[in-house]
Structure formats: structure tokens, C-alpha cells
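Report on one structure; see the data block that follows.
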Amino acid sequence: MPAIELPPNGIPRFYRGGAAIADLRGFDPGGERVPEEWIGSTTTVFGESELGLSRLADGTLLRDAIAADPAAWLGPDHAARFGADPALLVKLLDAGQRLPVHLHPDGPFARDHLRTRFGKTEAWVVVGARPGAQVHVGFRDDVDAATLRAWVAEQDHDAMLDALNPVDVAAGDAIFVPAGVAHAIGEGVLIVELQEPTDLSILLEWEGFGIDDAREATLGLGWDLALDCVERSARDAGPLRGGVNGGGAVAELLPAAAHAFFRAQRVAPDGGSAALGQGFAVVVVMEGAGAIAGLEVARGDAVLIPHAAGDVVAEGALVAIACRPPEVGG
């Protein structure tokens, strides 16, 4: 089973963006509010039956192809634990405006209240950022329940954003964002996002962002229940930071705590070759050209590597981000 190139899969959202994705991937996003592309996705947008799902070049849903042979696509150990679910969603996300302060439920909460197997822990690999770009991650100080409820009720945008840790970002940075941690992505940031395979967001800020009402902002849960998701204790953003440390043709990008959820690697053979090993992966080529698993690739290509492709080698003068599911047993 060879590696395959994936066609575009732009996803409309409530916020502006998409031009940077269109420039990288070479397709027309179809408007200024198509700020995400879901790559190798077997996940649907919340409340939708098909939007979000990736298709192969012949029109087959990737979800259906994997379901027909999970072990070949995902590997026997992964399939034994997760069945036909890759347990991973990879996105390109282009923030054409600051995103609202929001967070995502963890697995236990999602299973109890939203009837989904996974929560939404995520990570961001920054692949483009305008000068001075920032993200905001985790509360700087403890926030009591009454204060948080007041901020949300009054839609006090300044208070919510100011309560978070500001983090300057540039291309090459990476940040791990556990479920429950409040965060916001600043305008002008392009990321490869890895996450658990759900579309679950609690929007603490919603007014002025094109969200219909508080019900939509809480996934239909209402604030009394939705605010139980929030990590209100202070969080040091330092341990959440990753990025390329040192050289090497293949470099881990995320802190070790992320590996129970997903892994991200920067692949840069520098004109030579780099061994990626065997396993399901979604790879986005950010620069240059070469070959991955024998498939000729260039900047902007998105490649899906099945487990059955065997040991994978990347070759040439390219730079790519390889995204992998959780370590089995992690």
C-alpha cells in the first residue's frame, strides 16, 4: 500500500483566514472564512454528518478506506487499541484574525456529556507568523469560579485575554495545549495543528465573533456545565513549549507529555535522506522538493502514509512536518 497525495479539504469556520493555506497548498479557498484545512481527516465538524471528512483522489472517503482494512492503514497494534480510528486529526489553520479565548473538554468529560470517545487535547506547530505574533495559553494566576463566570456573562474580552500567558511565536515554534487549558491564537499565525479527533470547543468569548448565541458557544451544554471543563489554576506556559532543539534530519517538535496523544517531527534531509520508520502519518511539505516513501513531492503537498507502506524514507532538499497518532501504550 503506497503513500498517497491528498487533495485539498478546506473547511469553512466562523473566523477569517485561509489565504496563507491557499498560498501553500495552491487552491482557491472559496472565501475569506475558510481558515482551516483538515488533512487526512476521518473526523466531522461538530453537528455535521460529512463536512470535515477527507476524500482520496478517486472520491472515496478516507474513513471508509481505513474501515475496510484498519491494520494495513494504521498498523495492527494501533487497530487493536483504537479500531479503525486514527485517533488523530491534522489541520492547517490560518488565523486571519485573533481567535476567541476558548478551550476544549478532556476525554472523560466528552464521554460523559458529549458522547464522544475523545476529548480535544491539541498542539500547534508554527509554520508561519507575522512579526510580533503571539498566542495566549493558560491562566497566569488562579481564577476563581465566580470571576470566570462574571467574565463570560459580561463578555469581558480584555479581562479574559489579559488573564492568559502571552507567548511570542515564530516559525519553528511548537506548543502543546492540554484539554481544559484556555487559549487564543493571535492574528497572523499559520500552524499545523495536531489534535484528538473531535471538533469540540467551549468559547469563553463568543460575542462579536459571529457565534449565534451562548448555546452554540457551549456545544449546547449551557454555561453551568460547560465551565466545569475549564482549568482555572495557574499554568506556566514554559513546559508547554517545544520546537526544534538541535540538528538532525528528523527532530521531535513536541514535549514528551504530548506523545500519549500525538507526535510531530520536523523532517529535513538537507539533500540527503532521512529514515522515518514505519507507521501511519500525515506529512505536509513546507519547503523544497524531493520524495517521501518513493512519492515525488514539493512545497504544499500533503501526503498520507499507511502503515503498510513499510519503512519510510524522505529524500531531497525538502522540509516537512510529519504528524503521527498517539504512541500505542502511551
Side-chain angles (χ1 to χ4, degrees), residues 1-9 25 37-44 50 52-92 117-118 123 125 192-198 249-250 252-254 259-267 269 273-286 289-298 300-316 318-330:
M1 184 180 289
I4 57 174
E5 184 177 346
L6 289 167
N9 186 32
R25 294 277 283 133
E37 183 186 2
W38 293 16
I39 302 175
S41 169
T42 63
T43 303
T44 57
E50 190 170 301
L53 298 175
S54 291
R55 292 186 180 273
L56 306 182
D58 65 1
T60 301
L61 288 173
L62 175 62
R63 180 185 63 186
D64 296 343
I66 292 177
D69 197 348
W73 280 96
L74 305 173
D77 292 340
H78 183 104
R81 179 175 175 184
F82 294 107
D85 197 321
L88 172 70
L89 173 59
V90 177
K91 298 177 180 178
L92 282 168
R117 181 178 184 179
F118 297 94
V125 178
V192 174
E193 180 175 313
L194 299 85
Q195 61 164 88
E196 292 181 272
T198 67
V250 180
E252 295 288 342
L253 290 170
L254 299 176
H259 294 179
F261 300 93
F262 33 65
R263 289 172 60 197
Q265 298 166 317
R266 181 179 185 269
V267 181
S273 64
L276 302 184
Q278 184 175 19
F280 179 87
V282 175
V283 182
V284 184
V285 181
M286 305 307 305
I292 297 175
L295 180 68
E296 291 188 2
V297 297
D301 287 343
V303 177
L304 188 64
I305 302 175
H307 181 272
D311 289 331
V312 172
V313 175
E315 302 170 285
L318 60 81
V319 177
I321 306 299
C323 306
R324 297 186 180 273
E327 295 179 331
V328 176

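Residues take their numbers from the sequence shown, with the count starting at 1.
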Point to revise | Stepwise side-chain contact (heavy atoms from CB on, under 4.5 Å) check, L89 with E196 | key: CA-CA 6 Å; L89 173 59; E196 292 181 272; over 6 Å; no
Practice item. Could you please spell out the steps behind the side-chain contact (heavy atoms from CB on, under 4.5 Å) verdict for L253 and Q265? Key: CA-CA 5 Å; L253 290 170; Q265 298 166 317; 5.8 Å; no
Looking at [atom1] of [X] and [atom2] of [Y], how far apart are the two atoms once the value is rounded to the nearest 0.5 Å?
X	Y	atom1	atom2	answer
L304	M1	CG	CE	9.5 Å
S54	E37	OG	CD	7.5 Å
F261	F118	CZ	CZ	10.5 Å
L318	I292	CG	CD1	5.5 Å
D85	R63	CG	CZ	11.0 Å
L61	T42	CG	OG1	10.5 Å

Is any side-chain heavy atom of [Y] closer than 4.5 Å to one of [X]?
X	Y	answer
V297	E5	no
P326	H259	no
V284	D301	no
E315	P269	no
L56	L62	yes
I321	V267	no

Exercise: identify the closest heavy-atom pair between [X] and [Y]:
X	Y	result
S41	G52	OG-O, 2.8 Å
P70	G83	CB-O, 3.9 Å
V125	A264	CG2-CB, 4.1 Å
S273	V313	CB-CG1, 3.8 Å

Review point. Could you walk me through whether V192 and I39 pass the side-chain contact (heavy atoms from CB on, under 4.5 Å) check?
Key: CA-CA 10 Å; V192 174; I39 302 175; over 6 Å; no
**Study point:** Exam field: side chain W38 to backbone T43, donor-acceptor pair closer than 3.5 Å
**Key:**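 No; judged by distance alone, with no hydrogens or angles, the pair does not exist.
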Donor-acceptor contacts, no H, no angles, side chain residues 275-283, under 3.5 Å, sequence neighbours left out:
from, atom 1, to, atom 2, distance (Å)
Q278, NE2, H307, O, 2.8
Q278, NE2, H307, ND1, 3.4

Exercise for review: Assess whether side-chain contact (heavy atoms from CB on, under 4.5 Å) is satisfied between F82 and L74, documenting all intermediate values.
Suggested key: CA-CA 9 Å; F82 294 107; L74 305 173; over 6 Å; no
Point to revise | Lys/Arg-Asp/Glu bridge criterion (N-O < 4.0 Å) met for R55, E50 | key: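 Answer for the salt bridge query: yes.
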Practice item. Taking only Lys NZ, Arg NE, NH1 and NH2, and the carboxylate oxygens of Asp or Glu, determine whether E252 and R263 approach each other closer than 4.0 Å. Key: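 A salt bridge links E252 with R263.
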